> 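The structure's right below; bear with me while I get my questions together.
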Amino acid sequence: MIAKILIKRRFKPGSAPQIVALLNEIRALALGQEGYMSGETLMKSEFPNDMVVISTWKNLVLWRKWRDNKERNRFESMLEIYQEGPTEYEEYLLGTPLHIDESQ
């Protein structure tokens, strides 16, 4: 099942060029990974240091393989230098469940 991954980061002010360069490097590496389908980077309009990367993968197994990739984690460590807190990950599956509990 297709997976959508939200990666949330809050960056310290004043390091936009370094952050953009690192995010571009990670995206370039992801393009060559099995299962990678697409990605986009968003920033909050009122808080431009808050960013979310939304990536789409063929399934969670392939996403998690990339998440745990040694080279990706090297870039993740470099990004952490510019962050105000830890990276947050949220994993979603595309679609709806086969059974919806209507009592809630």
Side-chain angles (χ1 to χ4, degrees):
M1 186 173 274
I2 292 177
K4 292 275 192 176
I5 311 304
L6 277 64
I7 304 170
K8 299 177 180 182
R9 298 180 177 99
R10 174 170 285 161
F11 292 104
K12 299 172 189 172
S15 51
Q18 296 90 335
I19 293 164
V20 170
L22 289 168
L23 290 173
N24 286 338
E25 291 279 346
I26 293 173
R27 173 87 34 82
L29 289 171
L31 285 170
Q33 300 304 305
E34 179 185 5
Y36 180 80
M37 298 174 72
S38 66
E40 59 187 321
T41 302
L42 309 173
M43 67 178 188
K44 276 189 179 175
S45 60
E46 294 182 25
F47 302 99
N49 294 323
D50 289 3
M51 300 181 92
V52 175
V53 171
I54 302 171
S55 62
T56 305
W57 293 80
K58 287 187 178 176
N59 59 52
L60 283 175
V61 171
L62 294 173
W63 149 247
R64 290 174 179 161
K65 181 179 175 184
W66 170 240
R67 179 196 63 196
D68 299 336
N69 179 287
K70 191 176 189 178
E71 193 168 6
R72 181 198 175 279
N73 285 318
R74 184 172 63 86
F75 281 100
E76 184 69 33
S77 295
M78 288 187 260
L79 278 172
E80 287 174 359
I81 294 167
Y82 302 104
Q83 291 180 212
E84 291 187 347
T87 302
E88 296 177 29
Y89 296 91
E90 295 181 13
E91 299 173 342
Y92 294 86
L93 298 176
L94 192 61
T96 57
L98 295 176
H99 178 277
I100 298 174
D101 184 359
E102 296 179 13
S103 65
Q104 296 181 2

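This one's a predicted model, so the numbers in the text were calculated from it and none came from an experiment.
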> Do Tyr89 and Phe75 share a hydrophobic cluster, counting only Ile, Leu, Val, Met, Phe, Trp and Tyr and linking them when any side-chain heavy atoms are less than 4.5 Å apart?
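Hydrophobic grouping puts Tyr89 with Phe75.
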
> Side chains of Trp66 and Ile26, heavy atoms from C-beta outward: is any pair under 4.5 Å?
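Counting from C-beta outward, Trp66 and Ile26 do come under 4.5 Å.
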
> Is a salt bridge present between Glu76 and Arg9, judged by a nitrogen-to-oxygen distance below 4.0 Å?
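Salt bridge flag = yes for Arg9 with Glu76.
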
> Quick one: are Asn49 and Glu84 in side-chain contact, heavy atoms under 4.5 Å?
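The answer is no, as the side chains (C-beta and beyond) never meet within the 4.5 Å cut-off.
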
> Please give me the minimum heavy-atom distance between Arg64 and Glu91, naming the atom from each residue.
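Nearest pair, atom of Arg64 first, then Glu91: NH2-OE1, 2.5 Å.
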
> Look at atom CZ of Arg10 and say whether more than 12 heavy atoms of other residues, nucleotides or ligands are closer to it than 6.0 Å.
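No, CZ of Arg10 has 12 or fewer neighbouring heavy atoms, counting only those of other groups under 6.0 Å.
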
> Does any non-hydrogen side-chain atom of Val53 lie less than 4.5 Å from one of Ile5?
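With C-beta onward as the side chain, the pair stays apart.
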
> Would you mind reporting whether Thr41 and Arg27 have side-chain heavy atoms less than 4.5 Å apart?
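Yes - at least one pair of side-chain heavy atoms lies under 4.5 Å apart.
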
> What verdict does the side chain to side chain contact (heavy atoms under 4.5 Å, CB included) test give for Tyr36 and Leu29, after you've listed the backbone C-alpha separation in whole Å, the side-chain angles of each residue and the deciding distance to 0.1 Å?
CA-CA 10 Å; Tyr36 180 80; Leu29 289 171; over 6 Å; no

> Is there a side-chain contact between Leu79 and Thr87, using heavy atoms and a 4.5 Å cut-off?
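No, side chains not in contact.
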
> Look at atom CE of Met43 and say whether more than 12 heavy atoms of other residues, nucleotides or ligands are closer to it than 6.0 Å.
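Result for CE/Met43: open.
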
> Applying side chain to side chain donor-acceptor pair (under 3.5 Å) to Glu90 and Tyr92, what does each step give before you reach the verdict?
CA-CA 7 Å; Glu90 295 181 13; Tyr92 294 86; 2.6 Å; yes

